[in-house]
Peer 1: 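Take a look at the following structure, please.
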Amino acid sequence: YSFADGTATSASGDYTATAGTGSIPAGAAGSTSTFTATVNGDNVAECDETFSATLTPGSGASGSTSTVTVTIANDDHPQLSISVTPADANEGASGASTTVNFVVISNIAIDQALTVPFTWGGTATTGGSTPGSNDYTQVTSSPVTLPAGSSPSVNIQMTVNGDAVYEPAETVIVTLGTPTQSSCNTQYGITLGTSSATYTIDNDDSQPTFSVTAPTAANEGTGSNTNPVFVVTLTGATQYSSTIHFATSDGTATLAD
């Protein structure tokens with residue numbers, strides 16, 4: 001008997017076997033003889049693999065050569081997770097740019113690359129033209145490729161765009177979709193562990209202030225009303241709507257006049 005590689009190979013350690021000779025002692029029909037091969041376990045996600053065993057009749061036997069195929073079924077299934085560290089930071093001054101990497105990893109080794117789709121979400125916005133509406137830039141597009149390896153990882157990258165706008169803390173959430181493997185997806189049996197990660201962009205801009213400018217002096221006029229205009233000015237940009245409460249009080253002029 002002899003063994004031959006298929007998609008499984010002895011050189012890579014998938015199995016161990018050597019050629020040899022077996023014998024069946026004289027006896028009744030149905031007598032048997034055995035020969036063995038050793039399948040070597042691992043902790044690597046891979047496709048099912050095969051090798052073959054061939055029996056060639058020797059002395060005292062008749063018949064033709066017989067070959068059987070042995071399948072080594074994969075029992076290692078990767079679980080993918082995503083994280084971001086640190087999970088928050090100040091946005092920075094206007095014109096500043098901070099790179100942030102969300103990291104996708106597999107909990108075990110994989111022998112072929114995986115395709116991993118993802119989506120962007122959260123309360124932060126991107127691409128806007130109004131103040132505070134371009135909080136971040138999506139650098140990486142979906143999907144990403146998780147490469148084969150013993151400790152595979154891939155980055156999903158964004159940049160945080162600094163500004164001078166007073167605004168609430170805002171979030172960017174990256175959520176993984178269903179990963180796939182191109183040649184034997186079912187055999188890989190990929191699952192998700194931590195499927196989303198959240199990054200918080202903290203506001204670091206001061207609360208804006210309001211000031212009022214009094215009108216210049218005006219003659220009171222004769223027989224008609226004069227409407228002086230007080231101007232309220234906002235100093236500093238903000239994403240919040242503001243309600244201004246005001247009241248008048250007598251000086252040397254009085255309402256009674």
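Side chains included, hydrogens not; waters and symmetry mates left out as well; all remaining heavy atoms used.
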Peer 1: Hey, could you give me the CD1/OG distance between I110 and S151, rounded to the nearest 0.5 Å?
Peer 2: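 Going from CD1 on I110 over to OG on S151, the span is 10.5 Å.
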
Peer 1: State which residues pass side chain to side chain donor-acceptor pair (under 3.5 Å) with T16; sequence neighbours excluded, sorted by chain then number.
Peer 2: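 T16 satisfies side chain to side chain donor-acceptor pair (under 3.5 Å) with N40 once adjacent residues are dropped.
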
Peer 1: With ring-ring contact (aromatic ring centres under 6.0 Å, His included) as the rule and sequence neighbours excluded, what pairs involving residues 121-169 come up?
Peer 2: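 Every pair satisfying ring-ring contact (aromatic ring centres under 6.0 Å, His included) with a residue in residues 121-169: W120-Y136, Y166-Y240.
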
Peer 1: Taking disulfide (SG to SG under 2.5 Å) as the cut-off, I'd like each qualifying pair that reaches into residues 139-180, sequence neighbours left out, listed once.
Peer 2: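 Every candidate disulfide (SG to SG under 2.5 Å) pair involving residues 139-180 fails, so no pair, neighbours aside, qualifies.
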
Peer 1: Go through the structure and list residues passing side chain to side chain donor-acceptor pair (under 3.5 Å) with T145, not counting sequence neighbours.
Peer 2: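 Side chain to side chain donor-acceptor pair (under 3.5 Å) check on T145 returns nothing, list empty.
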
Peer 1: So, D5 side chain and S10 main chain: donor-acceptor pair closer than 3.5 Å or not?
Peer 2: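 Present.
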
Peer 1: I need the minimum non-hydrogen distance between S153 and I105, along with the two atoms involved.
Peer 2: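 Looks like CB-CG2, 3.8 Å.
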
Peer 1: Of all heavy-atom pairs between N185 and P179, which one has the smallest distance, and what is that distance?
Peer 2: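 Looks like OD1-O, 4.0 Å.
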
Peer 1: Show the nearest heavy-atom pair for residues A164 and A237, with the distance to one decimal.
Peer 2: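 Smallest interatomic distance, heavy atoms only, reads O-CB, 3.9 Å.
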
Peer 1: Indicate yes or no for a side-chain donor-acceptor contact from S142 to the backbone of F118 under 3.5 Å, with no hydrogens or angles considered.
Peer 2: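 Answer holds: yes.
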
Peer 1: Is L114 reachable from L192 through a run of hydrophobic residues whose side-chain heavy atoms are each under 4.5 Å from the next?
Peer 2: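 Same hydrophobic cluster.
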
Peer 1: Give the other cluster members for I244, using side-chain heavy-atom distances under 4.5 Å between Ile, Leu, Val, Met, Phe, Trp and Tyr residues; answer none if it is isolated.
Peer 2: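 Hydrophobic cluster check, I244: joined to F210, V212, F230, V232, L234.
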
Peer 1: For the residue pair T69 / S52, report whether a side-chain donor-acceptor contact shorter than 3.5 Å exists.
Peer 2: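 No.
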
Peer 1: Ignoring hydrogens and geometry, is there a side-chain-to-backbone donor-acceptor pair from D88 to I201 under 3.5 Å?
Peer 2: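 Looks like no, no N/O pair under 3.5 Å.
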
Peer 1: D204 and N90: which non-hydrogen atoms are nearest, and at how many Å?
Peer 2: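 In terms of heavy atoms, the two residues are closest at OD2-CB, 3.5 Å.
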
Peer 1: Provide the full list of disulfide (SG to SG under 2.5 Å) pairs with a residue in residues 115-150, sequence neighbours left out, each pair given once.
Peer 2: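 Output for this query is empty, none listed.
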
Peer 1: Do the side chains of I82 and V100 join up, straight or via other hydrophobic residues, at under 4.5 Å, putting them in one cluster?
Peer 2: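 Hydrophobic grouping puts I82 with V100.
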
Peer 1: Do any pairs count as a disulfide (SG to SG under 2.5 Å) and have a residue in residues 84-155, sequence neighbours left out, and if so which ones?
Peer 2: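 Sorted pair list comes back empty.
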
Peer 1: Would you please name every residue forming a side chain to side chain donor-acceptor pair (under 3.5 Å) with T171, sequence neighbours left out?
Peer 2: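 With neighbours one apart ignored, the set is T123.
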
Peer 1: Using 0.5 Å steps for rounding, measure from the CG atom of N161 to the OG1 atom of T137.
Peer 2: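 Output value for this atom pair is 4.0 Å.
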
Peer 1: Taking Y188 for its side chain and A45 for its backbone only, find out whether a donor-acceptor pair lies under 3.5 Å.
Peer 2: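 Looks like yes, one N/O pair under 3.5 Å.
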
Peer 1: Between V154 and P147, which heavy-atom pair has the shortest distance, and what is it?
Peer 2: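 It is CB-CD, 4.5 Å.
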
Peer 1: Check for a donor-acceptor pair, side chain of T7 on one end and backbone N or O of T50 on the other, with a separation under 3.5 Å.
Peer 2: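 At least one qualifying donor-acceptor pair exists.
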
Peer 1: What's in the same ILVMFWY side-chain cluster as V70, cut-off under 4.5 Å, chained through other members?
Peer 2: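 V70 clusters with Y1, F3, Y15, F35, V39, F51, L55, I72.
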
Peer 1: Can you list the residues that meet the side chain to side chain donor-acceptor pair (under 3.5 Å) rule with D135, with sequence neighbours excluded?
Peer 2: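 T125.
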
Peer 1: Roughly how far, to the nearest 0.5 Å, is CG of N107 from CG of L80?
Peer 2: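 So the gap between those two atoms works out to 8.0 Å.
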
Peer 1: Enumerate the residue pairs fulfilling disulfide (SG to SG under 2.5 Å) with a member in residues 129-200, sequence neighbours excluded, ordered by first and then second residue.
Peer 2: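 Every disulfide (SG to SG under 2.5 Å) pair that includes a residue of residues 129-200, provided the two are not neighbours, is C47-C184.
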
Peer 1: Check for a donor-acceptor pair, side chain of E49 on one end and backbone N or O of D14 on the other, with a separation under 3.5 Å.
Peer 2: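 Checked: no pair found.
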
Peer 1: Looking at CG of L146 and CD of Q112, how far apart are the two atoms once the value is rounded to the nearest 0.5 Å?
Peer 2: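 So the gap between those two atoms works out to 12.5 Å.
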
Peer 1: Under the 3.5 angstrom rule, does the side chain of N74 hit a backbone N or O of D48 as a donor-acceptor pair?
Peer 2: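 It does not hold such a pair.
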
Peer 1: Strictly by side-chain hydrogen bond (donor to acceptor under 3.5 Å, both in side chains), give each pair with a member in residues 92-106 just once, sequence neighbours left out.
Peer 2: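 Output for this query lists N101-Q157.
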
Peer 1: Once rounded to the nearest 0.5 Å, what's the spacing between atom CG of L176 and atom CD1 of I156?
Peer 2: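 Interatomic distance, L176 CG to I156 CD1, rounded to 0.5 Å: 6.0 Å.
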
Peer 1: Once you round to the nearest 0.5 Å, how far does OG1 of T248 lie from CG of L255?
Peer 2: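 Reported to 0.5 Å precision, the distance equals 5.5 Å.
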
Peer 1: Which heavy atom of T175 sits nearest to which heavy atom of S196, and what is that distance?
Peer 2: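 What the structure gives for the nearest pair is OG1-CB, 3.6 Å.
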
Peer 1: side-chain contact (heavy atoms from CB on, under 4.5 Å), that's the test. Do E91 and N203 meet it? Break it down for me.
Peer 2: CA-CA 6 Å; E91 64 184 354; N203 175 67; 3.9 Å; yes

Peer 1: Under a 3.5 Å distance rule, please check whether H77 uses its side chain to pair with a backbone N or O of I190 as donor and acceptor.
Peer 2: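 No; judged by distance alone, with no hydrogens or angles, the pair does not exist.
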
